[in-house]
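Before any comments, here is the structure.
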Amino acid sequence: MRPTFRAASLSGVLLGAFFGLTLSGLVGVTGQPAIAAERVPMLMDGKTSLYQKVLTRPGALLHTAPGGPEKGDLTAFSVHFVYDRQSVGGERWLEIGVDRQGDVIGWMPEAKAIDWKHSLTASFTNPAGRQRTLLMNSQESLEALLNSPDLLVEVESARASIDGGQAPQNTDIVSVEPENFIDFKSQFYLLPILEAEEIYPDSLDPMTLLKVASISAAEDPASSEEKPDSPEPKEFNAGMTFVIDSTSSMQPYIDAVRQSVIQIQRRISAAGIEGRLNYGLVAFRDSTDAVPELKYVAKTFADPNTTNSAEEFLEKIKTLKAASVSSKGFSEDAYQGLKHAATEIDWSGFDGKNIVLVSDASAREGFDPLAGSGLMTNEMKGQLSEAGISTYVMHLKTPAGKNDHDLAELQFRTVSTFSDGSGRDLYVDIEAGDPTSFQNAVNKVSDSIISQITKDRAYFVEELKRKEEELAQATSEEDKKRLQQELNALLVGLAIKLEYFGKLENTTAPKAFEAWVADKDFRDQTVPTLDIRLLLSKNQLSDLREAMRRILEVANQGQISADDFFAQLQAAAAAMGRSPDKIAQAATLEELGLVGEYLDDLPFRSQTMNVSQEIWVQFTISQQQEFIDRIESKLKLLELFHDDTDNWVLLSGRKDAGDAFYPVPLSALP
């Protein structure tokens with residue numbers, strides 16, 4: 001099957017849904033532009049493979065030649081490649097094209113363009129559990145606000161004014177983040193990052209201030225185009241898939257899941273929401289290479305797309321039984337079970353995407369020869385986050401696993417952390433692995449998922465306030481633990497509702513041309529407000545994967561001959577056609593240029609790319625292995641992105657699938 005790519009469209013999803021940003025757009029121009037064969041865009045200064053790109057300002061016009069007749073309007077903040085720069089009559093002009101294959105469309109004044117040096121973009125994280133952030137008209141005004149002794153009072157007052165349709169007293173405030181959340185993977189938009197500056201506000205943790213480009217529909221010539229009709233309202237539905245360990249010790253918990261689903265169905269019937277919660281179950285064991293009698297590593301017993309009643313669920317899992325033989329070692333391949341559930345099940349039809357992981361043992365990390373996923377814990381979490389899945393974990397702390405409990409808890413807290421970067425998790429430990437306590441915990445989780453269906457935003461907001469007050473007054477550690485778990489489940493419910501209503505209500509954007517925003521919540525600086533990503537084309541991602549494979553090959557050899565590590569990397573860089581001058585002068589992996597220039601000069605640094613020959617030689621064997629494992633796990637995750645054709649975007653006007661791009665999270669980069 002040939003891969004398909006989504007095309008950004010001004011009159012379609014983008015403008016009608018969120019920020020209205022297109023990555024190429026020409027309004028009012030008729031006819032097909034001539035394609036100049038063998039032409040390529042201009043390179044950025046000092047680069048050998050990165051081309052100059054610009055964002056068009058609102059009101060930009062296309063011309064036939066520098067200073068020549070007008071040819072049509074250009075979509076505000078669309079991205080174009082620069083093919084030439086000329087000065088005519090004291091005015092600077094740019095010749096622009098929609099791709100790097102020579103599709104040149106005309107000339108525009110340089111004053112109506114913004115240089116986009118990095119392919120870094122931002123989108124707002126889900127605002128559940130944090131304050132909605134403000135957009136300011138300058139870096140100075142944002143710093144002044146952050147240093148104000150009345151910061152939180154001013155911010156709350158400004159939000160209230162804007163929500164009430166009034167201008168805030170602080171005239172430097174451009175707008176406020178929308179109340180709802182839009183998942184850019186389902187309704188694509190961009191906030192290109194133009195500048196970044198780390199600051200140290202008074203009484204606050206360090207923050208990064210970002211200048212981003214957005215769009216004002218009022219100023220965009222395309223805003224007069226007819227908007228598409230909003231989709232018909234759809235009742236909220238949810239999928240709940242158990243990913244359960246089915247090794248020899250797990251039969252009591254498999255039976256408890258059966259009983260829990262019967263009870264869940266009763267509550268669903270009582271609430272009158274039959275058919276709106278679908279059940280699934282994926283069972284996992286361990287390596288069948290090591291123990292063939294285990295029969296499978298991961299297997300779907302019930303697909304939530306075709307299982308929306310307890311009767312159907314019980315019928316489909318009636319053959320599920322714990323293995324009759326033991327696996328090799330105590331750890332199991334839980335991550336292969338999670339990976340199977342995330343990739344083999346189609347989650348696109350569900351508003352609430354929920355996995356409930358059940359296990360009494362730690363997961364095999366990607367470096368383990370018996371691990372099927374190839375993913376380390378952080379990369380496993382990254383894949384679940386990219387899929388938009390909320391992952392609840394039921395950790396059965398049985399006596400047999402007492403020496404494994406700490407490792408398993410660390411892993412499972414990580415994979416169940418929220419995708420908003422807050423560090424909150426959906427981890428529940430079942431002391432002594434008590435089956436009754438386990439069933440009660442499953443019932444609590446199912447109640448939370450049912451609430452996603454039956455409750456509105458106001459319910460979650462009020463319940464969160466109440467739980468926060470109870471938590472602040474709690475004195476016993478047991479009560480604090482219980483209340484924190486309940487509060488976290490409410491936050492997930494609110495986050496899912498904000499995304500759902502963002503789609504349902506066709507949430508629109510703050511109206512700003514260029515604005516400054518802080519990357520952390522003003523009230524809680526541990527919570528990020530922005531999801532930062534790097535746009536990599538399909539060609540660039542393929543190049544990055546190949547470079548990482550070369551690094552792995554050399555690193556594995558370097559464990560035997562550490563002194564040759566960098567020399568072998570230089571040879572690998574030369575074999576890949578990297579700049580000879582750069583190779584000869586390089587002191588670190590970044591300077592070597594083995595990984596493409598698209599990672600150079602980013603305002604976000606990488607420990608991996610700062611490794612030098614001297615650092616490598618000083619590494620212990622375990623540190624070298626940790627380096628190798630980290631690279632290998634990130635490579636596996638990038639390969640998943642590469643193969644995720646549903647989320648590749650082919651920019652409007654492009655023809656070459658190699659120009660399709662994927663917004664790669666910074667955490668996935670080497």
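Treat the numbers as computed from the prediction; the structure is a model and nothing was measured.
Under the 4.0 Å criterion applied to side-chain N and carboxylate O atoms, Lys634 and Glu639 are not assigned as salt-bridge partners. Salt-bridge annotation for Glu546 and Arg550: present, with a side-chain N of the basic residue lying under 4.0 Å from a carboxylate O of the acidic one. Using a 4.0 Å cut-off between a side-chain N of Lys or Arg and a carboxylate O of Asp or Glu, Glu514 and Arg57 qualify as a salt bridge. Salt bridge Arg85/Asp115: present, at least one basic N to carboxylate O contact under 4.0 Å.
Summarising the local packing, CG of Asp45 is surrounded by 12 or fewer heavy atoms from other residues, nucleotides or ligands at distances under 6.0 Å.
No side-chain donor-acceptor contact under 3.5 Å links Ser633 to the backbone of Asp629. Judged by distance alone, with hydrogens and angles left aside, the side-chain atoms of Arg159 form a donor-acceptor pair with the main-chain N or O of Arg132 at under 3.5 Å. In terms of modelled atom types and a separation under 3.5 Å, the side chain of Asp99 and the main chain of Asp103 share a donor-acceptor contact.
Put simply, CG on Leu637 and CE on Met376 are 12.5 Å apart, with the number rounded to the nearest 0.5 Å. One finds the CG atom of Asn137 at 10.5 Å from the NZ atom of Lys211 (value rounded to the nearest 0.5 Å). In this structure, OG1 on Thr208 lies 10.0 Å from CG on Leu530, to the nearest 0.5 angstrom. The OG atom of Ser667 sits 8.0 Å away from atom CG of Asn378, with the distance rounded to the nearest 0.5 Å. The structure places CG of Leu134 at 16.0 Å from CH2 of Trp516, a figure rounded to the nearest 0.5 Å. Atom CZ in Arg545 sits 7.5 Å away from atom CG in Leu635 (nearest 0.5 Å).
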Could you go through Leu544 and Leu669, starting from their C-alpha distance and side-chain angles, then the distance that decides it, and tell me whether this counts as side chain to side chain contact (heavy atoms under 4.5 Å, CB included)? CA-CA 9 Å; Leu544 178 57; Leu669 296 172; 4.1 Å; yes
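Neither side chain, Glu379 nor Gln383, offers a donor N or O lying under 3.5 Å from an acceptor on the other. Counted by atom type alone, Ser542 and Lys538 present zero donor-acceptor pairs between their side chains at under 3.5 Å. Side-chain atoms of Thr56 and His80 form no donor-acceptor pair, as typed in the model, at a separation below 3.5 Å. Inspection of the Ser123 and Arg533 side chains reveals no N or O donor paired with an N or O acceptor under 3.5 Å.
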